[in-house]
Amino acid sequence: MLTLTENASTIVKTLTGQSVETEDAGLRISSSNPQNTAFAAAVAPIPEPADQVVEVSGARLFLEPGAAVALDDKVLDAQVDENGAVSFAIGALS
């Protein structure tokens with residue numbers, strides 16, 4: 001199952017808290033091609049019916065089925081740059 005660093009957890013909670021007015025909101029990660037390592041991320045009010053829900057320290061992720069398979073053994077990290085832009089990085093579990 002995808003795990004989150006402390007930074008990623010904090011940033012996901014901040015993003016979902018600012019963007020959506022429901023406590024069930026989460027960051028939805030999807031992939032249009034399971035062979036591709038590019039993923040899309042967007043705040044969503046609720047998960048899609050087939051999404052895998054991952055909750056870590058209050059941060060909620062909704063993983064589209066293809067993304068859930070691709071990210072099963074990965075770690076999600078995040079950072080905010082000096083301009084306030086958020087970037088996510090995916091790494092292998094160590």
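Closest of all the heavy-atom pairs between Arg60 and Val12 is O-CG1, 3.7 Å. Residues Ala78 and Ala8 approach most closely at CB-CA, 3.7 Å, considering heavy atoms. Summarising the geometry of Leu4 relative to Ala59, their closest heavy-atom pair is CD2-CB, 4.2 Å, with the distance given to 0.1 Å. Considering every non-hydrogen atom in both Ser31 and Ala38, the closest pair reads OG-O, 3.7 Å.
Checking side-chain atoms of Lys13 against main-chain N and O of Ser57 turns up a donor-acceptor pair under 3.5 Å. Between the side chain of Glu64 and the main chain of Ala67, a donor-acceptor pair closer than 3.5 Å is present. Side-chain atoms of Ser9 come within 3.5 Å of backbone N or O of Val56 as a donor-acceptor pair.
Hydrophobic clustering of Ile, Leu, Val, Met, Phe, Trp and Tyr side chains at less than 4.5 Å, counting indirect connections, keeps Leu61 apart from Ile46. Follow the hydrophobic side-chain contacts under 4.5 Å out from Phe62 and you never reach Val43; the two are in separate clusters. Following chains of ILVMFWY side-chain contacts shorter than 4.5 Å, one cannot reach Val69 starting from Leu2, and the two form parts of different hydrophobic clusters. In the hydrophobic clustering of this structure, Leu15 does not group with Val53; members are Ile, Leu, Val, Met, Phe, Trp, Tyr whose side-chain heavy atoms approach within less than 4.5 Å, directly or through other members.
A distance of 12.5 Å separates CG of Leu63 from CD of Glu48, quoted to the nearest 0.5 Å. A distance of 10.5 Å separates OG1 in Thr3 from NZ in Lys74, rounded to the nearest 0.5 Å. To the nearest 0.5 Å, atom CG of residue Asp51 and atom CZ of residue Arg28 are 4.0 Å apart. Taking CG of Leu76 as the start and CD1 of Ile29 as the end, the distance is 5.0 Å to the nearest 0.5 Å. Separating the CG atom in Asp77 from the OG atom in Ser87 is a distance of 8.5 Å, to the nearest 0.5 Å. Going from atom OG1 of Thr10 over to atom CD of Gln79 covers 13.5 Å, rounded to the nearest 0.5 Å.
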Begin with the C-alpha distance, continue with both residues' side-chain angles, and end with the deciding distance and a verdict on side-chain contact (heavy atoms from CB on, under 4.5 Å) for Leu27 and Phe88. CA-CA 12 Å; Leu27 185 71; Phe88 291 98; 3.7 Å; yes

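No more than 12 heavy-atom neighbours from other residues, nucleotides or ligands sit within 6.0 angstrom of CD on Glu6.
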